[in-house]
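Structure first, then comments.
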Amino acid sequence: MLKYTELVLDHFKNPRNLGRIENPDAEATEGSIACGDMMTVYLKIEDNKIVDIKFESYGCAANIATASMMTEVVKGLTLEEAKKITWKDIVERLGGLPPVKYHCSNLAIDTLRKAISAYEESLVGK
Amino acid sequence: MKVFLDNCRTTKVVPEVAREVEKYMMEKFARPDGLYESAQEIYDELVETRRFFAKTINASSDEEIVFTSGATEANNLALLGVARANKKRGNHIVISALEHGSVMSIADVLKREGFEVTVVPVDNEGMLKLDELEKALRPTTILVSIIAVGHFVGSMMPLKEVGEILSRQDHKIYFHTDAAEMYAKMPLDVQDLKLDLVSVSGHKFHGPKGIGFLYVRRGTKIEPIMYGAESFDKRRPGGENVPAIMGMRKAAELAFEHMEESYRRLRELQDYFIGRIETEIDHVVLNGPRGEKRTPYNVNFSFSFIEGEAISLGLSLEGVEVATGSACASESLEPNYAILAIGGDHERAHGSIRFTFNRFTTKEDLDYTVEKLKKVVQWLRNISPLKAER
């Protein structure tokens with residue numbers, strides 16, 4: 001039986017930081033259509049800090065809600081701090097998820113980390 | 001406004017049925033197996049009620065009706081009971097790719113017991129491939145089980161043709177159908193369709209949950225799957241759920257009374273609903289057949305670029321309740337097998353939404369649903385990284 005917390009439903013209905021950033025400092029897409037979950041994260045970074053973050057999601061309510069919460073949590077953090085955020089942190093902030101939905105919360109963190117890596121790689125050679 | 005469009009899962013009990021159930025709980029509460037007057041009365045009523053159900057499917061005798069706890073138990077009794085009782089004659093069973101989950105699970109049990117199971121594929125509309133069925137038959141085939149109406153994509157299976165094929169074989173092959181989505185919604189004649197076993201569920205036509213029956217043609221070799229004390233029906237021992245049986249009967253009486261009119265009315269509403277969705281929402285695919293091959297009680301669409309669990313939850317927040325074939329909405333995280341069986345890919349399964357009607361569904365219900373659907377689909381497409389063109 002799938003049952004979401006009020007907070008999850010709130011993030012699903014009113015996702016924070018939704019959409020795209022034009023000319024982002026980094027972006028990354030993770031997941032696949034075949035799996036039923038896919039996400040793109042856009043980052044704006046200044047002085048090693050995430051000053052803006054937006055996301056788009058093809059996925060279930062848990063996917064959308066965890067992405068939304070993740071963006072709220074990491075906005076304003078340094079890259080080092082953001083990299084330490086785990087899926088468990090996000091799920092706890094949401095008041096929990098049905099166990100079958102854990103993999104969806106992984107995707108939010110995976111996509112964030114991939115975007116940060118893309119940013120760090122883009123610095124090399126600059 | 002609340003609109004319930006998951007009537008293939010279950011339906012609301014109507015007041016006449018609830019009153020009947022109450023009567024057999026509070027007043028006529030006896031069981032049929034006592035020697036006193038109230039028990040004898042219930043015995044006679046149960047026999048008469050079996051006769052009623054037998055008549056609704058043109059069965060020849062009341063003894064061919066076995067009350068069960070629903071279609072799942074009826075399917076268990078039909079498949080396990082017939083396979084086990086006939087294993088000396090053969091060990092091969094044939095089912096379709098669109099069987100209900102209960103039949104799929106029972107087939108796995110039979111495989112563990114040493115039976116061989118062939119799954120006959122369906123075409124892109126969800127119609128059984130009759131040539132494949134014919135090829136699947138062997139001298140050791142003892143039972144063929146074909147769902148009457150694909151419960152996810154709404155395809156009405158060619159039961160008559162299957163019955164003809166089976167009757168042409170030179171040995172007896174029992175023919176079973178899970179008619180949960182057919183009974184009391186359209187005519188079902190066991191003589192015409194040459195059926196030996198039919199599973200029926202009461203809560204699919206506004207009867208109580210936890211009650212159904214299995215039709216077993218006289219002469220069918222079948223073993224019980226439960227054992228108990230001497231009782232009204234030794235094929236299914238245990239105290240009869242008399243209130244639910246009588247409630248299911250009332251529900252069937254009402255359903256048959258309105259059957260033809262509901263069929264016609266829902267067919268028109270179905271055309272209207274499909275038409276509105278196809279003209280007012282881009283990038284949609286109708287899953288299952290069109291027209292006469294489709295039950296008028298089912299519409300199923302896939303919406304591209306978005307995911308069905310989010311659609312169904314979004315609709316639910318707007319008061320519209322539907323089912324989805326998305327892997328994300330299932331405990332197993334597997335995409336819906338019916339969409340894959342009709343040749344759809346994972347994206348089509350994940351984005352599929354099933355709308356199922358009952359005989360009280362109105363045009364207003366569907367208009368409301370289309371408006372909310374447009375809103376939810378547009379909203380989810382806005383937040384999706386997948387787009388038609390960018």
Side-chain angles (χ1 to χ4, degrees), chain A residues 1-22 24 27-42 54-68 71 97-108 111 114-115, chain B residues 6 9-10 283 285 302-337 339-340 344-353 372 375-390:
Chain A
M1 176 61 200
L2 291 174
K3 198 158 167 44
Y4 290 125
T5 64
E6 281 300 319
L7 193 56
V8 172
L9 290 178
D10 181 49
H11 276 266
F12 168 65
K13 280 187 283 186
N14 309 295
R16 283 56 147 181
N17 303 304
L18 189 68
R20 318 181 72 191
I21 296 176
E22 296 304 327
E27 70 171 271
T29 299
E30 269 288 307
S32 77
I33 306 172
C35 298
D37 273 319
M38 196 171 151
M39 187 183 297
T40 304
V41 166
Y42 304 88
K54 288 202 183 302
F55 79 97
E56 293 174 310
S57 159
Y58 162 83
C60 62
N63 178 299
I64 294 167
T66 50
S68 167
T71 61
L97 277 176
V100 73
K101 291 290 178 182
Y102 285 172
H103 75 289
C104 311
S105 53
N106 275 316
L107 190 63
T111 318
K114 194 177 169 187
Chain B
D6 198 13
R9 196 178 308 276
T10 197
H283 304 288
V285 181
S302 287
F303 300 88
S304 301
F305 320 124
I306 51 179
E307 192 275 335
E309 195 247 27
I311 303 172
S312 67
L313 191 62
L315 283 174
S316 161
L317 295 170
E318 300 281 352
V320 178
E321 298 183 319
V322 298
T324 171
S326 167
C328 247
S330 77
E331 293 287 333
S332 66
L333 295 178
E334 293 292 327
N336 183 273
Y337 64 92
I339 299 294
L340 302 184
D345 59 11
H346 285 206
E347 188 196 357
R348 192 164 146 201
H350 296 318
S352 61
I353 297 289
K372 296 304 172 187
K375 181 176 161 191
V376 170
V377 167
Q378 189 188 19
W379 170 61
L380 288 172
R381 281 182 178 167
N382 278 341
I383 71 176
S384 172
L386 305 168
K387 301 277 190 289
E389 65 271 334
R390 264 200 161 153

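Below, chain A is the first sequence line, B the second, and so on; all start at residue 1. Given the structure is predicted, the values throughout are model-derived calculations rather than measurements.
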Q: Working to the nearest 0.5 Å, report the span between CG of B/L386 and OG of A/S57.
A: 9.5 Å
Q: With rounding to the nearest 0.5 Å, note down the distance linking CD1 in B/I383 to OG in A/S68.
A: 9.5 Å
Q. What's the spacing between A/K13 NZ and B/L313 CG if we round to 0.5 Å?
A. 9.0 Å
**Q.** Point-to-point distance, once rounded to the nearest 0.5 Å, from CG of A/L18 to CG of B/N382
**A.** 8.5 Å
Q.
Please classify the contact between A/N63 and chain B as side chain, backbone, both or neither, with a heavy-atom cut-off of under 4.5 Å.
A. neither
Q: Verify side-chain contact (heavy atoms from CB on, under 4.5 Å) between A/I33 and B/E347, making sure each step is shown before the conclusion.
A: CA-CA 6 Å; A/I33 306 172; B/E347 188 196 357; 3.1 Å; yes
Q: Without swapping roles, check the side chain of B/E307 against the backbone of A/Y58 for a donor-acceptor pair under 3.5 Å.
A: no
Q) With respect to chain A, which residue among B/P335, B/S326, B/G308, B/A310 yields the maximal number of heavy-atom pairs within a distance under 4.5 Å? A) B/A310
Q. Given that the side chain runs from C-beta out, which part of B/L317 has a heavy atom under 4.5 Å from chain A: side chain, backbone, both or neither?
A. side chain
(Q) Looking at A/K101 and B/E309, is there a salt bridge between them, counting it only when a charged N and a carboxylate O are closer than 4.0 Å? (A) yes
Q. Based on non-hydrogen pairs under 4.5 Å, which of B/H346, B/H350, B/R348, B/R381 is most in contact with chain A?
A. B/H350
Q) Using non-hydrogen atoms only, which part of A/Y4 is less than 4.5 Å away from chain B: side chain, backbone, both, or neither? A) side chain
Q: Measure A/P15 against the heavy atoms of chain B and call it side chain, backbone, both or neither at under 4.5 Å.
A: side chain
